[in-house]
Amino acid sequence: MTKLNQIIAVEKGVKSKSLQDINAAHAKVQKPALLAGISRTYQPKDEEGEQLPPESTRVQVQAEGVLREVSASLTRLFDVTATKDWANCLARADVTVDGRTVVADVPVSYLLFLEKQLAELHGFVKKLPTLDAAESWSLDPSTDWWKTDAVRTIRTKKVPRNHVKAEATEKHPAQVEVYYEDVPIGYWTTVKFSGALPARRVNELLERVEKIQQAVKFAREEANGTEVTDQRVGDAVFGYLFG
């Protein structure tokens with residue numbers, strides 16, 4: 001018995017060949033010279049007249065023949081696609097992670113949807129903001145934010161001071177240098193808050209996404225192993241169209 005994954009494997013090649021065939025057929029029937037033929041003979045007016053050989057051109061393309069070629073090529077495409085689509089209605093599998101069935105009896109078309117969405121979700125989770133590892137964080141139940149311990153720091157103010165480099169004498173004034181001293185005037189108590197996530201949480205989420213991604217791929221492969229019944233749609237369609 002043919003399996004769905006085998007039909008999927010040949011579908012692309014059949015589509016490509018059908019497209020080439022239809023383009024080639026279209027090119028043939030668009031060239032009037034290939035469809036035209038002629039046969040003519042010459043007879044002089046009297047026996048003494050010039051004798052000329054007969055002329056003929058064969059018809060190189062017959063439209064009905066082109067229709068038969070197109071029908072044969074597209075019949076294969078129609079049958080392969082129908083076989084795949086009929087089988088997709090029946091192909092199903094469970095998405096199972098660590099022995100637990102997350103989603104049961106999933107159609108293969110939905111498994112393909114899940115694969116795409118989970119790939120985008122993985123990219124989203126990977127870029128989630130994480131807490132600064134240089135700080136120590138705890139969850140504040142009153143706000144549901146993460147916060148650091150309170151840190152007390154001194155606030156200072158620069159106050160000018162005089163430094164006498166040389167005392168005054170009868171002949172010279174005192175030499176005084178002005179400098180600034182940091183004098184404590186108060187205290188800051190700082191608590192940092194954050195709505196980001198602990199790196200551990202982000203890693204856990206990534207692991208879960210990756211596990212279900214693998215499970216969906218496995219389920220798709222299992223569903224694509226479903227045995228198929230070959231469909232014969234092309235003969236019916238082209239029997240009506242070109243018959």
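Atom set for the values below is all heavy atoms of this structure, side chains included, hydrogens, waters and symmetry mates excluded. One-based numbering along the sequence shown.
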Q.
Before you tell me yes or no, could you show the steps for Val209 and Leu206 under side chain to side chain contact (heavy atoms under 4.5 Å, CB included), namely the whole-Å CA-CA distance, both residues' side-chain angles and the distance that decides it to 0.1 Å?
A. CA-CA 5 Å; Val209 174; Leu206 279 174; 5.6 Å; no
Applying the 4.5 Å side-chain criterion to the ILVMFWY set and letting contacts propagate, would [X] and [Y] be lumped into a single cluster?
| X | Y | result |
| --- | --- | --- |
| Leu121 | Val95 | yes |
| Phe242 | Val29 | yes |
| Tyr187 | Val151 | no |
| Leu19 | Leu77 | yes |
| Leu205 | Leu139 | no |

(Q) Test side chain to side chain contact (heavy atoms under 4.5 Å, CB included) on Asp21 and Glu69; report intermediate values, then the result. (A) CA-CA 8 Å; Asp21 291 346; Glu69 292 172 3; over 6 Å; no
Q: Please determine if Asp182 and Lys157 form a salt bridge, counting it only when a charged side-chain N lies under 4.0 Å from a carboxylate O.
A: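 Salt bridge: no.
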Does [atom1] belonging to [X] count more than 12 external heavy atoms closer than 6.0 Å?
| X | atom1 | answer |
| --- | --- | --- |
| Phe124 | CZ | no |
| Glu167 | CD | no |
| Phe218 | CZ | no |

Where the side chain of [X] meets the backbone of [Y], is there a donor-acceptor pair that is under 3.5 Å apart?
| X | Y | result |
| --- | --- | --- |
| Asp94 | Thr96 | no |
| Ser73 | Val70 | no |
| Thr189 | Arg152 | no |
| Thr148 | Lys192 | yes |
| Ser16 | Lys12 | no |

As an exercise, state the distance from [atom1] of [X] to [atom2] of [Y], rounded to the nearest 0.5 Å.
| X | Y | atom1 | atom2 | answer |
| --- | --- | --- | --- | --- |
| Asn88 | Ser109 | CG | OG | 6.5 Å |
| Thr75 | Arg232 | OG1 | CZ | 10.0 Å |
| Leu111 | Glu222 | CG | CD | 9.5 Å |
| Leu90 | Glu227 | CG | CD | 12.0 Å |
| Lys17 | Leu74 | NZ | CG | 10.0 Å |
| Lys28 | Leu35 | NZ | CG | 10.5 Å |

Q: Indicate the ring-plane relationship of Phe193 and Trp145, choosing parallel, tilted or perpendicular according to the 30° and 60° boundaries.
A: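 Answer is perpendicular, since the angle exceeds 60°.
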Q) With side chains defined as the heavy atoms from C-beta onward, is the minimum distance between Thr83 and Val80 less than 4.5 Å? A)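 With C-beta onward as the side chain, the pair stays apart.
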Distance-only criterion, 3.5 Å: show the donor-acceptor pairs between side-chain atoms of residues 47-68 and protein atoms not counting sequence neighbours.
residue, atom, partner, partner atom, Å
Glu55, OE1, Arg40, NE, 2.7
Glu55, OE1, Arg40, NH2, 2.7

Where is the tightest heavy-atom contact between [X] and [Y], given as atom of each residue plus distance?
| X | Y | value |
| --- | --- | --- |
| Arg76 | Val10 | NH2-CG2, 4.4 Å |
| Val228 | Ala87 | CG1-CB, 3.3 Å |
| Thr130 | Ala199 | CG2-CA, 4.0 Å |
| Gly234 | Phe78 | CA-CB, 3.9 Å |
| Leu4 | Ala223 | CD2-O, 4.1 Å |
| Ala196 | Trp146 | O-CD1, 3.4 Å |

Q: Could you walk me through whether Trp86 and Val233 pass the side chain to side chain contact (heavy atoms under 4.5 Å, CB included) test, one step at a time?
A: CA-CA 11 Å; Trp86 259 255; Val233 175; 4.2 Å; yes
